[in-house]
2 protein chains.
Amino acid sequence: MSLNRLPKAYPCGRPRASRKARPLSEAERTELEQKLDRYQVAQSLNRSQTRGKIFGVVVGQTDHFTGPELVAKVRKAHSEIGPATVYRNLRLLLDAGVLRESLTDREGQSLYEVQRAEHHDHVVCLDCRAILEFHEVGIESLQNAVLKKLGFREVHHSHVVYAHCEYRERRE
Amino acid sequence: MSLNRLPKAYPCGRPRASRKARPLSEAERTELEQKLDRYQVAQSLNRSQTRGKIFGVVVGQTDHFTGPELVAKVRKAHSEIGPATVYRNLRLLLDAGVLRESLTDREGQSLYEVQRAEHHDHVVCLDCRAILEFHEVGIESLQNAVLKKLGFREVHHSHVVYAHCEYRERRE
DNA sequence: ATGAATGCAAAGGTTTTGCACCCCC
DNA sequence: GGGGGTGCAAAACCTTTGCATTCAT
């Protein structure tokens, strides 16, 4: 096999898209809106219509998405909005805590998702690219103990496990 | 503050570059060489001189480095080698397990490092960008228990904590 | 009125690809 | 000899930036 053609995907039999996160509740949406508002006030920013539209698209996302995907989604709903504006607001929403950069997919692209109240970490299936979420309190508390010992105060973290899933295992 | 000028760095007083990892031992270096050899054989790849040179530069790295940094380092030692070749070999070395993509820095760039026998995770200082390493067996075992329950078999993982350090704390 | 936000186009930076030529086995 | 590897240049891609204009307060 030549260097020029390294495989990028190793498909397994896992059913696709079986993992849609639940949509935001009305309360969560309101909470995020207030978060954005507070950030805008704190930073003396304006409340623009365009930002409102982008926010609307963003909080409608249940899955993880890349920058270009967000650009496309925004553009689909509001064709007048260009990439530059989307990226400027993407960064702002990250800073405001409305979004978070949750992981890097196996192609090395950043994936973003809406910041929810309950934190979670990720498992990426190396076969079918499915992304699952997990939360284990014990891990977090051990992590915080380590950080404290090192003299740090955590702001956020990214814990991603890349793994083969049982679907592949069965075929080996 | 305008959207166009979001701050990217918040310097703290931590002394820079206080954290150099130790260089590879001769044994480790040999082990990596064999790993590469095995990979080349398994994939029916050739042993080229250029790849050897790049390997040489790579195993001389003690710190984390980005793609462009590796390009520059290789070029400095071997000016005839271009970016395309470096990137092709970077990917190959990742696939061979000689390197690993260890984390994404706060600018969103991937950082690579030599794969060592002892696994470790990372803390990134949000103030001075220092990168520290930690290893906590308890975290790993909890993680593996979770993965098993979900029906996955871990291949590798990335656990990065972004945090403020005590140096900043003291000044607040 | 003043600074923030947008839209466009252009630039920037990183990584990949096409292709002719060379090297390894 | 045949496939793998390299080097160069060009392309592809994602993201940021400059600037004139519009919007929010």
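The sequence lines fix the lettering, A, B, ..., with proteins before strands; numbering per chain opens at 1.
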TODO: Tell me yes or no: between the side chains of Gln143(B) and Glu136(A), is some donor less than 3.5 Å from an acceptor?
DONE: no

TODO: Report the distance from atom CZ of Arg51(A) to atom C1' of dA24(D), rounded to the nearest whole Å.
DONE: 11 Å

Open item on the list: Measuring only between side-chain heavy atoms, which start at C-beta, is Val58(A) closer than 4.5 Å to Lys73(A)?
Closed with: no

Task: Distance in angstrom units between Glu107(B) CD and dC14(D) C1', rounded - done: 16 Å

Task: Min side-chain heavy-atom separation Leu92(A)-Gln43(A) under 4.5 Å - done: no

Open item on the list: According to ring pair (Phe, Tyr, Trp, His ring centres under 6.0 Å), does anything in residues 97-121 of chain B pair up with another residue at least two apart or in another chain? List the pairs.
Closed with: His119(B)-His157(B), His120(B)-His122(B)

TODO: Let me know the distance between CG of Leu90(A) and P of dC14(D), rounded to the nearest Å.
DONE: 14 Å

Task: Rounded distance (Å) that lies between atom P of dG5(D) and atom CZ of Arg91(B) - done: 14 Å

Open item on the list: For Glu133(A), is there an ion pair with Arg22(A) - N to carboxylate O distance below 4.0 angstrom?
Closed with: no

Task: Between C1' of dT15(C) and CG of Leu70(B), the distance in whole Å - done: 13 Å

Open item on the list: What I want to find out is whether Glu31(A) reaches Arg38(A) closely enough, with some N-O distance under 4.0 Å, to be called a salt bridge.
Closed with: yes

Task: Bend angle of the helix from dA1(C)-dT25(D) to dC25(C)-dG1(D), end axes from five pairs each (to 10°) - done: 30°

- [ ] Any chance you could list the contact pattern along nucleotides 7-14 of chain C? Use B for base contacts, S for sugar-phosphate-only contacts and - for none, protein heavy atoms under 4.0 Å, 5' to 3'.
- [x] BBB----S

- [ ] Starting at atom CG of Leu94(B), determine the distance to atom P of dT15(C), rounded to an integer number of angstrom.
- [x] 11 Å

TODO: With the side chain counted from C-beta on, respond yes when Glu154(A) and Asn144(A) share a heavy-atom pair under 4.5 Å apart, and no when they do not.
DONE: yes

Open item on the list: Could you report the tightest heavy-atom contact between Leu90(A) and Gly67(A), atom names first, then the distance?
Closed with: CD2-CA, 4.3 Å

Open item on the list: So, using side chain to side chain donor-acceptor pair (under 3.5 Å) as the criterion, who are the partners of Thr66(B) when residues are at least two apart?
Closed with: none

Taking only N/O atoms, report every protein-nucleotides 23-25 of chain C pair under 3.5 Å with atom names and distance.
unit_1	atom_1	unit_2	atom_2	d
dC24(C)	OP1	Gln49(B)	OE1	3.2

Open item on the list: Nearest whole Å is fine: how far is dA4(C) C1' from Asn89(A) CG?
Closed with: 12 Å

- [ ] Send over the distance from Leu92(A) CG to dT15(D) P, rounded to a whole Å.
- [x] 17 Å

- [ ] Side-chain contact test, heavy atoms from C-beta onward, threshold under 4.5 Å: evaluate it for Arg47(B) versus Gln40(B) and give yes or no.
- [x] yes

- [ ] Could you name each residue pair satisfying ring pair (Phe, Tyr, Trp, His ring centres under 6.0 Å) that touches residues 65-94 of chain A, not counting sequence neighbours?
- [x] none

